[in-house]
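Worksheet for the structure shown next.
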Amino acid sequence: MQTPLSLGPSLAERINRARADLRMGLPVVLSGQLAVAVETLSVERLTALRGLGALTLALTAWRAETLKARVYDNDLARVRVPEDADLAWLRALADPADDLRMPMKGPLSSLREGDAVPARAAILLAKTAQLLPAALLVPLTGAAPEGLTHLDAAQTLALISEETAFAPVAAARVPMRAAEKGRLHIFRPDDGGEEHYAIEIGSPDRALPVLARLHSACFTGDVLGSLKCDCGPQLDAALRQMGAEGAGVLLYLNQEGRGIGLANKMRAYALQDQGFDTVEANHRLGFEDDERDFRIGAAILRKLGFSSVRLMTNNPAKVRMLESHCITVAERVPLKVGLSPHNAAYLATKAAKSGHLL
Ligand SMILES: Nc1nc2c(ncn2[C@@H]2O[C@H](COP(=O)(O)OP(=O)(O)OP(=O)(O)O)[C@@H](O)[C@H]2O)c(=O)[nH]1
Ligand SMILES: [Zn+2]
């Protein structure tokens, strides 16, 4: 018999559907466990989950460190949820907003036995859905409620770590203040994920290294002119230099807040107002200091026909990443603009902790 044309969702598509489910507060089924994101969990669903058995709260090792929960699974902790724990208790463990006001949440008891893979997949799904990286899990004993998204946890982890393919969708001329000969290209991943943009200035020769910038979205800096970072001035300066030289390419990657999303970035800013620096704030929320996937930038440059760049950056990690994904960095062009009294400490932290060049 001939294999019928498959109309059903692929693994990548089901993963994206699972992210939308978690954002709505719906459970997903991960290798026989029901998993929900703590951030979007409702009282009603918590009650329903409790009826199924003992609950486990999955947190990243970063968050567990702040909460003094034991980490037996390297990058994550699986905390036993006491029978009398309510939604406020779960939320307080997931969200560090009130840590300083209510430091004692424990003592917490972590699971050692059992499989950590579904918990790891749940955290990664929550993270990549730009939610707080905390998930509640319970083994599914009976039949799964109808309509839930089912995923194999190990396959999910493997696929999310793979490179995403992008296709050009549309492009048109956009004359800009900084460069009249501008063209905006939209790139879309084939799994329904986030779109990213490329702004091509002039007609750069594909045989030569192109003046390039990988800019990560920063609503506060790019749009509002926030003085807390240097993003806005960097964006302007990069486009102006490309305009002056008559050629260049700027990728605008929708990885707001170094990949944690704008809501989490505002949580990080609130922690910074409590005295934590930009890296500590990410860690207290349970994130790595940088959650961006820079392979996207390399993939889009290659799609546009570029193989060699003069990269405008102060971040050596961007240079290393491009080099390891088939893009030659012929030159690093420093981009030092926008220093203000408000961002001096932020830039100093990036230099001290993230290897940025001052
Ligand atoms: N999580 C978090 N993200 C921030 C903070 N301040 C700025 N960002 C984000 O950091 C990113 C800015 O990084 P980029 O300017 O692209 O790159 P970079 O790593 O600083 O390196 P350069 O190429 O030298 O600029 C944007 O996504 C901002 O939204 C912060 O305090 N916390
Ligand atoms: Zn910024």
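Counting convention: from 1, in listed order, for ligands and their atoms alike.
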- Message: Using only atom types and a distance under 3.5 Å, with no angle test, would you say the side chain of Arg213 pairs donor to acceptor with the backbone of Leu335?
- Response: no
- Message: Working to 10°, measure the angle at the Zn ion (ligand 2) formed by atom SG of Cys218 and atom SG of Cys231.
- Response: 110°
As a test of reading the model: which N/O atoms of the protein lie under 3.5 Å from N/O atoms of ligand 1, and at what distance?
| residue | atom | partner | partner atom | Å |
| --- | --- | --- | --- | --- |
| ligand 1 | 1 (N) | Gly257 | O | 3.2 |
| ligand 1 | 1 (N) | Asn282 | OD1 | 3.0 |
| ligand 1 | 6 (N) | Tyr346 | OH | 3.2 |
| ligand 1 | 13 (O) | Arg292 | NH1 | 3.2 |
| ligand 1 | 15 (O) | Arg213 | NH2 | 3.3 |
| ligand 1 | 15 (O) | Gln234 | OE1 | 3.2 |
| ligand 1 | 16 (O) | Ser216 | N | 3.2 |
| ligand 1 | 16 (O) | Ser216 | OG | 3.4 |
| ligand 1 | 16 (O) | Arg292 | NH1 | 3.2 |
| ligand 1 | 16 (O) | Lys318 | NZ | 3.2 |
| ligand 1 | 17 (O) | Arg292 | NH1 | 3.3 |
| ligand 1 | 17 (O) | Lys318 | NZ | 3.0 |
| ligand 1 | 19 (O) | Arg292 | NH2 | 2.8 |
| ligand 1 | 19 (O) | Asn315 | ND2 | 2.8 |
| ligand 1 | 20 (O) | Lys350 | NZ | 2.2 |
| ligand 1 | 23 (O) | Arg213 | NH1 | 2.7 |
| ligand 1 | 23 (O) | Thr313 | OG1 | 2.5 |
| ligand 1 | 23 (O) | Lys318 | NZ | 2.7 |
| ligand 1 | 24 (O) | Thr313 | OG1 | 3.3 |
| ligand 1 | 24 (O) | Asn314 | N | 2.8 |
| ligand 1 | 24 (O) | Asn315 | N | 3.4 |
| ligand 1 | 25 (O) | Arg213 | NH2 | 2.9 |
| ligand 1 | 25 (O) | Gln234 | OE1 | 2.9 |
| ligand 1 | 25 (O) | Gln234 | NE2 | 3.2 |
| ligand 1 | 27 (O) | Ala217 | O | 2.9 |
| ligand 1 | 27 (O) | Gln255 | O | 3.3 |
| ligand 1 | 27 (O) | Gly257 | N | 3.2 |
| ligand 1 | 27 (O) | Arg258 | N | 3.2 |
| ligand 1 | 29 (O) | Ala217 | O | 3.1 |
| ligand 1 | 29 (O) | Glu256 | OE2 | 3.2 |
| ligand 1 | 29 (O) | Gly257 | N | 3.0 |
| ligand 1 | 29 (O) | Lys265 | NZ | 3.1 |
| ligand 1 | 31 (O) | Gln272 | NE2 | 2.9 |
| ligand 1 | 31 (O) | Thr278 | OG1 | 2.9 |
| ligand 1 | 32 (N) | Thr278 | OG1 | 3.4 |

- Which of Asp115, Asp73, Thr56 passes side-chain hydrogen bond (donor to acceptor under 3.5 Å, both in side chains) with Arg78? Answer is Asp73
- Salt bridge check: are Asp86 and Arg50 linked by an N-O gap of less than 4.0 Å? no
- Message: Could you check whether His215 and Gln234, counting side-chain N and O atoms only, form a donor-acceptor pair closer than 3.5 Å?
- Response: no
- Item | Modelled atom types, side-chain donor and acceptor of Thr278 and Lys353, under 3.5 Å | no
- salt bridge (charged side-chain N to carboxylate O under 4.0 Å, His left out) partners of Asp290, counting only residues at least two apart: Arg292
